[in-house]
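Just so we're on the same page: letters track the sequence lines, and every chain starts at 1.
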2 protein chains.
Amino acid sequence: MVQLVHPATEDISLAGVLAALSDPMRLRIVKALLEQADCVSMSCTAAAPCPAMAKSTLSNHFRVLREAGLVRTTKKGVEHRNVVREADLDARFPGLLKSILAHAE
Amino acid sequence: MVQLVHPATEDISLAGVLAALSDPMRLRIVKALLEQADCVSMSCTAAAPCPAMAKSTLSNHFRVLREAGLVRTTKKGVEHRNVVREADLDARFPGLLKSILAHAE
DNA sequence: TCAATAGTCCCATATTTCCGAACTATTGAA
DNA sequence: TTCAATAGTTCGGAAATATGGGACTATTGA
């Protein structure tokens, strides 16, 4: 089980979070990740918020989310497990994520 | 006194708002507009959150904010007056703007 | 050892952003 | 009126960024 590189909580920036969530696809991904508390593989077969999207594009979206500090990715065997960093985000920007997601969809 | 074109409140989209505010300069502009309840001309001489920025770039930022439904622009003589659409935004996405701005800067 | 699966990396194309320069509109003065 | 000054917009090219196809890597299971 490998941990990928993630920004420390205090290094998460507001602009980064907003930029990451300003893409409708990424917003849907985060929403889907939260709704099924359990993981979601990068292919989004479980959450399926991204039907006809190229693998490379999807990979890029997850990278943006990861670098913005929105999700934590762990590599388990052949697949990646993405979890929203709810606690970290709430520590850094109290209430923000909830407030944004409340209006998603 | 001329009203420029603005989206109706119900046409304001979450992605649009987030995209508009995901630019640090625009976030600063909105914050500055709110802090001095009174107008701010497009040159930001009053708010001055944008020192060394080309006129055309600034004009573009205000257009983005306007089209996203974040500010209302009225043309008074030779200058433009920009006001944050607080009430409209709060009607469309209750609490969102406040939540985002609480963490700005 | 080999095939299958899950992602990443690289590259070409497409889109967006930035800024200078030219242009438009309004005002105020001569 | 006419002219200069001020405030923004529009245009066009350069720079930055996003997209997706295809090749590549890593892990698993047969």
Where do N or O atoms of nucleotides 16-22 of chain C meet protein N or O atoms at under 3.5 Å, pair by pair?
residue: dC19(C); atom: OP2; partner: Thr57(B); partner atom: OG1; Å: 2.9
residue: dG20(C); atom: N7; partner: Ser56(B); partner atom: OG; Å: 3.2
residue: dG20(C); atom: O6; partner: Ser56(B); partner atom: OG; Å: 3.0

Rounded to the nearest Å, what distance is computed from the [atom1] atom of residue [X] to the [atom2] atom of nucleotide [N]?
X	N	atom1	atom2	value
Asn82(A)	dT8(C)	CG	C1'	14 Å
Phe62(B)	dG8(D)	CZ	C1'	11 Å
Leu58(A)	dA18(D)	CG	C1'	14 Å
His80(B)	dT26(C)	NE2	C1'	10 Å

### Task
Go through DNA chain D and write down every stem, that is, every run of at least three consecutive Watson-Crick or G-U wobble pairs with distances under 3.5 Å, as range with range.
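DNA chain D forms these stems: C:1-30 with D:1-30.
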### Task
For residues Val64(B) and Asp23(B), determine if any side-chain heavy atom of one lies less than 4.5 Å from a side-chain heavy atom of the other.
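Answer no - side chains too far apart.
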### Message
Is it the case that the side chains of Arg66(A) and Thr73(A) hold a donor-acceptor pair, with the cut-off being a distance below 3.5 Å and no angle test?
### Response
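Side-chain D/A pair, Thr73(A) to Arg66(A): present.
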### Query
Can you name the residues that form a side chain to side chain donor-acceptor pair (under 3.5 Å) with Arg85(A), not counting sequence neighbours?
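If we apply the side chain to side chain donor-acceptor pair (under 3.5 Å) test to Arg85(A), skipping adjacent residues, the hits are Asp88(A).
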### Message
Using modelled atom types and a 3.5 Å cut-off, is there a donor and acceptor pairing between side-chain atoms of His103(B) and backbone atoms of Gly95(A)?
### Response
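No; judged by distance alone, with no hydrogens or angles, the pair does not exist.
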### Message
Is it the case that the side chain of His61(A) and the backbone of Met25(A) share a donor-acceptor pair, with hydrogens and angles ignored and the cut-off at 3.5 Å?
### Response
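No; judged by distance alone, with no hydrogens or angles, the pair does not exist.
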### Query
Is the distance from OP1 or OP2 of dT8(C) to the nearest side-chain N or O of Arg66(A) less than 4.0 Å?
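So the side chain of Arg66(A) is within the cut-off, an N or O lying under 4.0 Å from OP1 or OP2 of dT8(C).
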### Message
Let's see if you can work this out: which of dA26(D), dT9(D), dG7(C) has an atom nearest to the side-chain heavy atoms of Val78(A)?
### Response
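Of the candidates, dA26(D) comes closest.
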